[in-house]
Amino acid sequence: MPSQGRSLRIALLSVLLPCPLLLAADPQPAKMFRSEGNPILGDGSYYSADAAPLSVDDKLYIYAGHDEPPPHAGGFVMHDYGVFVTSDPSSGKWQLYRNSLDADEVFSWATGNNAYAGHAIRGRDGNYYWYVPVESKDAEAPNRMAIGVAVSDSPVGPWKDPIGKPLLAWRDVFGDSRRGQEVIDPHVFADDDGSVFLYWGSWGVARVVELDQSMTALQGEIAVMSGLEAFFEAPWVFKRNGTYYLAYDWKRGGSQWTPSNYQAAVAYATSSSPTGPWDFQGIILSGTSATTVHPSIVEHGGRWWITYHTRDAASGGHFRRSVAIDEVQWDGDRIRPVEQTWADPPALRLTNNLAPEAKVSASYTEQPPMSLHALNDGRPPAVRLPPDQWGNYRGNESSNESDWVQYEWDVPVRIAGVGIQFHRDPNWIRPPASWKIEYRADTGDWRPVEVAALPTQPDRWLTVDFEPVTARAIRATFYGREEGQCYHSVSVSEWEVYSAPAVQLPTIQVATTVGEPPELPATVPLTFPGGETLPTPVTWRSVPPEQYAQPGAFTVEGKAAGQATGYVVAQVVCQAARPAKSSSVSPIRSAP
Ligand code: FUB
């Protein structure tokens with residue numbers, strides 16, 4: 001199977017060096033930028049993860065790890081931390097301090113590798129304390145991840161290490177035992193009575209210990225917290241109306257929320273005490289596009305916000321993540337399921353790929369960790385990591401000669417090509433020996449797609465064009481490579497099916513009355529070269545109620561399935577009197 005990123009958490013050995021107090025260089029000046037929505041910074045110029053927000057006066061600071069791997073890396077590369085700053089997350093106005101804290105500059109005891117998820121808070125003394133897990137130089141420790149603390153009198157540094165050693169390391173938790181969980185994902189909560197707690201957790205166990213008033217030393221016993229159903233990592237505690245809340249990465253492989261063990265959802269629990277026991281309250285965010293989510297919840301400007309990360313930025317990946325922020329809505333004392341937002345909502349992105357609109361099935365899917373839906377999730381991944389693949393592995397002894405994958409649509413589609421990516425691993429996964437494509441015509445019979453040859457190279461994007469056909473379904477059948485009595489398994493990370501471009505994109509006329517949302521048609525007729533006209537599903541942008549709150553006219557854009565050249569437009573007339581609702585279609589716009 002492909003390697004897991006987590007294996008990169010085990011790094012090279014190095015020697016333990018003396019630890020002088022280091023003072024980091026002055027932070028680099030912040031760069032202003034304008035955010036159009038999530039991810040906060042989505043252009044791929046800087047990847048950020050593990051957001052930890054802090055509200056101070058009129059500013060919201062988001063402390064974040066920095067993902068630095070090249071596009072095709074399969075594991076974490078993280079050495080420093082940045083800080084995003086805004087007054088109002090919905091303003092779109094942000095500043096970014098890159099490299100605010102460089103792990104090996106600040107911590108003499110750290111290698112500077114694996115600068116994972118940290119958390120900064122303001123102490124009662126007015127200083128800022130940033131707790132970060134980094135790899136220590138302690139070559140003898142069974143796991144070298146340790147939590148350090150850096151302090152500054154400014155929320156954006158410069159930072160220094162006040163104790164010259166880890167605040168918490170493997171031995172503090174597990175003594176001489178070689179069994180335990182990585183000491184990562186610190187989170188610090190200061191209660192109203194002045195007590196301060198350090199939380200951390202990974203690989204299924206969440207722990208807590210009290211800190212003394214210096215915020216830089218432990219006080220009391222380390223405890224394992226109970227009641228956190230399917231806890232994986234990333235504990236985040238806050239208090240609201242006297243109740244303690246704990247949000248975390250929730251993981252149960254094979255579940256509805258996390259079909260494979262490589263994914264996480266966000267759950268929360270509540271308690272009457274900051275150390276639990278906790279009462280599980282439910283899932284509030286199903287997984288994002290990244291394998292980890294790392295939630296944090298904070299009040300700022302009278303509103304509540306959740307931060308997390310995705311791989312939705314340009315050229316993003318599971319190890320090139322980007323921080324996102326959305327508003328949290330409350331239902332009394334319960335957190336409502338979070339509505340994830342995007343600057344560029346996936347459902348409205350123009351594409352000629354019809355696969356995301358299809359119902360997908362297969363003769364067989366290995367699961368977990370492979371996922372059938374990896375085929376048409378719209379994300380050909382740079383990183384070959386389950387669950388971003390469909391695969392038919394059954395064990396080396398029982399692999400089938402062939403398996404198929406299939407897309408079906410509710411309406412006939414005009415298709416003219418496919419794109420696909422096969423993979424190979426050091427074990428039993430190989431590209432297919434051969435494959436074929438068939439389509440089901442509107443009449444119900446399966447017919448071969450005529451192509452000269454179908455490519456099979458692994459680990460690169462392959463495209464195949466053919467004479468357009470009108471289909472209700474398409475099927476690809478893969479034949480495994482024979483070895484001995486068996487066949488190698490095949491794995492596919494994405495399978496795209498391309499529409500022929502329509503000759504025209506129509507403009508729709510729609511009438512409505514004040515206070516009534518316009519009824520936008522579910523399909524529009526598109527005409528294709530050769531003259532065939534097909535009803536094509538349209539995903540319309542949402543229409544804010546202000547638009548039809550008074551008489552007037554406005555337009556609404558819609559994405560027609562498989563059409564990448566532009567949006568279909570609805571011209572809506574909103575009238576004061578109540579007319580009979582109607583819609584008509586006039587092909588007055590031509591596709592470029
Ligand atoms: O960023 C590295 C690790 O990934 C964090 O420590 C975890 O919370 C996960 O987000």
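Every number for a ligand or one of its atoms is a count from 1 in the order of the listing. Bear in mind that the values here come from a model prediction, so they are computed numbers and not experimental data.
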For ligand 1, is there an N or O atom under 3.5 Å from any N or O atom of Tyr116? no

By number and element, which atoms of ligand 1 are closer than 4.0 Å to a non-hydrogen atom of His294? 7 (C), 8 (O), 10 (O)

Parallel, tilted or perpendicular, judged at 30° and 60°: which one describes the rings of Trp159 and Tyr63? perpendicular

Using a strict cut-off of 4.0 Å, indicate which atoms of ligand 1 neighbour a heavy atom of His309. 10 (O)

Can you name the atoms of ligand 1, numbered from 1 with element, that are less than 4.0 Å from a heavy atom of Met78? 1 (O), 2 (C)

Would you call the rings of Tyr248 and Phe231 parallel, tilted or perpendicular, where under 30° means parallel and over 60° means perpendicular? tilted

Under 4.0 Å from ligand 1, counting heavy atoms only, is it the side chain of Ala49, its backbone, both or neither? neither

Residues passing the ring-ring contact (aromatic ring centres under 6.0 Å, His included) test with Trp170, sequence neighbours excluded, are Phe174

Could you pull out all residues at least two apart from Tyr61 that satisfy ring-ring contact (aromatic ring centres under 6.0 Å, His included)? none

For ligand 1, note which part of Glu182 has a heavy atom under 4.0 Å away: side chain, backbone, both or neither. neither

Give me the ring orientation class for Phe84 and Phe33: parallel if the planes are under 30° apart, tilted from 30 to 60°, perpendicular past 60°. perpendicular

